[in-house]
2 protein chains.
Amino acid sequence: MNKCDQCIVRQLSSLKALNKEEVVKLANSKTTHKIKKGEAIFEEGEVTNGVFCVKDGIGKLSKLSANGKDQIVKLVKSGELLGQRSMISNEPANLSAKAIADMEVCFIPKSEIIHFFNNNNQFSMNLMQSVCEDLKDSENDKIALVQKTVKQRLAETLLHLHDAFGENADKTLKVQLTREELAGMIGTATESCIRLLSDFNKLELIELTGKKIVLKNVKALKKLAEQL
Amino acid sequence: MNKCDQCIVRQLSSLKALNKEEVVKLANSKTTHKIKKGEAIFEEGEVTNGVFCVKDGIGKLSKLSANGKDQIVKLVKSGELLGQRSMISNEPANLSAKAIADMEVCFIPKSEIIHFFNNNNQFSMNLMQSVCEDLKDSENDKIALVQKTVKQRLAETLLHLHDAFGENADKTLKVQLTREELAGMIGTATESCIRLLSDFNKLELIELTGKKIVLKNVKALKKLAEQL
DNA sequence: CTATAACTATGACATTTATCATGTTAGAGT
DNA sequence: ACTCTAACATGATAAATGTCATAGTTATAG
């Protein structure tokens, strides 16, 4: 069993507030899991009874619609927690969590989290703040969906991916999404997304080499994302 | 000063977890305000330094876009808290809160809320759950915005208004929104909203008498809202 | 009780975006 | 290396929705 006190991830999540004793308790109750790209951590409707802490890799939270499209609500990376919302609300998961790149996650049982929540004010405040952050993001996304065009949302999303996940040595975006997934993030049809990427490519806002994407003109993308 | 222990509202919000002593403390620090229809409780960007508890009336949380449209994120009624998110995140308000019907609200300073949060596990859990509930709603709204047509969203919103706010003796919806506000809720142009309301009227799904709306065929509206 | 503004309504049209069809390319597995 | 499948790409078209124009209607202040 990995010792949690050496896990860098702990520094990033709400768990950073835990004291030595609590970390030991955590290490004894958590279980570690490897999730391959494409596999699910949990599915919509499942009762998880705990939270997952992302140690490595990238995951997506999404919901399948009646017409078969997968709307991506959020991407998660190292240091983030998954499943807090439904755990706190005592509800089955509202969204599915799947790996976009191979992941390593730790499962922490509900009883532990509740215990920390009730006994460590800093932890409960951290957890609260992370949910509040999600709420703010979600509200802003909602507004963007209504007030911005698909083109603007694509520009915005590319910038966000760059910001949140960074780039490789060759300047390509680190997150590797299929066009379909990217379309699912911005809420549009796959074809529309592909078309706009081509447009951006022609306008030299981005560069497409295979499925790798390089942001060539961040300033222009920003302008595009902002402007009315 | 009103005594909080007699306030029915307290039974509805996270504040229901407070004990006798805490309620006294609350009563001594809160201030009560009357907000006229159309007036703001707080505006986007303001630092509120506390939360507002809605005692009576109906308010909207919204964000003004560059093109002058007001996107409504949520309606709030008696028993709900306003401004928790930005208070917890230590940020200026992300949204404006305005009265849609004359309101009475109590302002509770941040220091009180934090004190309760740190000393009353049931309160902090309640508060957490209410934010989680908001998050879930927001995520579902987001998905609906992408996956449903304007027509479906209008049907859904009418049902939600009926559900959440109820009807008057004459069966008309209790919340009285302008067409512009309703459009702002479903994320569409005012004209489109008006047009669809007319359609619904012709199809006898609803009845329009002036700006009052009666849901005539709830079943059909539900079907419309759900179906692909 | 009128004047004036705000709200509601509807038509005509433009634009955006989805859908369908079809072809190409790239990557995984044998 | 060769297939086979999934992913990418693009054109043609249709559908949904936004925008602009204009007019009727209601509410409200003076």
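Naming: A, B, ... by sequence-line order, numbering from 1 per chain. These values consider heavy atoms only, across backbone and side chains, with no hydrogens, waters or symmetry-generated copies.
- Nearest-nucleotide assignment on DNA chain C puts the 5′-proximal partner with A:K148, out of A:K148 and A:G210.
- Ionic pairing of B:K136 and A:E91 is present here: one or more N-O contacts between side-chain nitrogen and carboxylate oxygen are shorter than 4.0 angstrom.
- A salt bridge links A:D134 and A:K74; the closest N-O separation between the charged side-chain nitrogens and carboxylate oxygens is under 4.0 Å.
- In summary, A:K142 and B:D141 engage in a salt bridge, as defined by a charged side-chain N under 4.0 Å from a carboxylate O.
- Within the structure, salt bridge (Lys or Arg N to Asp or Glu O under 4.0 Å) pairs that include any residue of residues 177-186 of chain A comprise A:K60-A:E181 (at least two apart or interchain).
- A:D70 and A:S62 are linked by a side-chain donor-acceptor pair at a separation below 3.5 angstrom, with hydrogens and angles left out of the test.
- Not counting sequence neighbours, the partners of A:K148 by the side chain to side chain donor-acceptor pair (under 3.5 Å) test are A:E156.
- Of all nucleotides in DNA chain D, those with any atom nearer than 4.0 Å to a heavy atom of chain A start and finish, going 5' to 3', at D:dA7 to D:dA12.
- Of the residues in residues 167-186 of chain B, not one comes within less than 4.0 Å of DNA chain D through any heavy atom.
- Using a 4.5 Å cut-off on side-chain heavy atoms (C-beta onward), B:L145 and A:V146 make contact.
- Among residues two or more places apart in sequence or in another chain, the salt bridge (charged side-chain N to carboxylate O under 4.0 Å, His left out) test is passed with A:K151 by none.
- Less than 4.0 Å separates DNA chain D from at least one heavy atom of each of the following residues of residues 187-202 of chain A: A:E191, A:I194, A:R195, A:S198.
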List, one per line, each side-chain donor-acceptor pair under 3.5 Å for residues 203-215 of chain A, sequence neighbours excluded.
none

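- Between its opening and closing five pairs, the helix from C:dC1-D:dG30 to C:dT30-D:dA1 changes axis direction by 50°, a value rounded to 10 degrees.
- When only modelled atom types and interatomic distance are considered, B:H162 and B:E167 share a side-chain donor-acceptor pair under 3.5 Å.
- When DNA chain C is scanned in the 5' to 3' direction for atoms under 4.0 Å from non-hydrogen atoms of chain B, the outermost contacting nucleotides are C:dC7 to C:dA12.
- Taking 4.5 Å as the limit, every side-chain heavy atom of A:I143 sits out of range of all side-chain heavy atoms of B:S65.
- B:F52 pairs by the ring-ring contact (aromatic ring centres under 6.0 Å, His included) definition with B:F42, B:F107, not counting sequence neighbours.
- A search for salt bridge (charged side-chain N to carboxylate O under 4.0 Å, His left out) contacts involving A:E46 returns nothing, not counting sequence neighbours.
- Listed by chain and number, the residues in a salt bridge (charged side-chain N to carboxylate O under 4.0 Å, His left out) with A:K77 amount to none (sequence neighbours excluded).
- Summarising the geometry of B:E43 relative to B:A93, their closest heavy-atom pair is O-CB, 4.0 Å, with the distance given to 0.1 Å.
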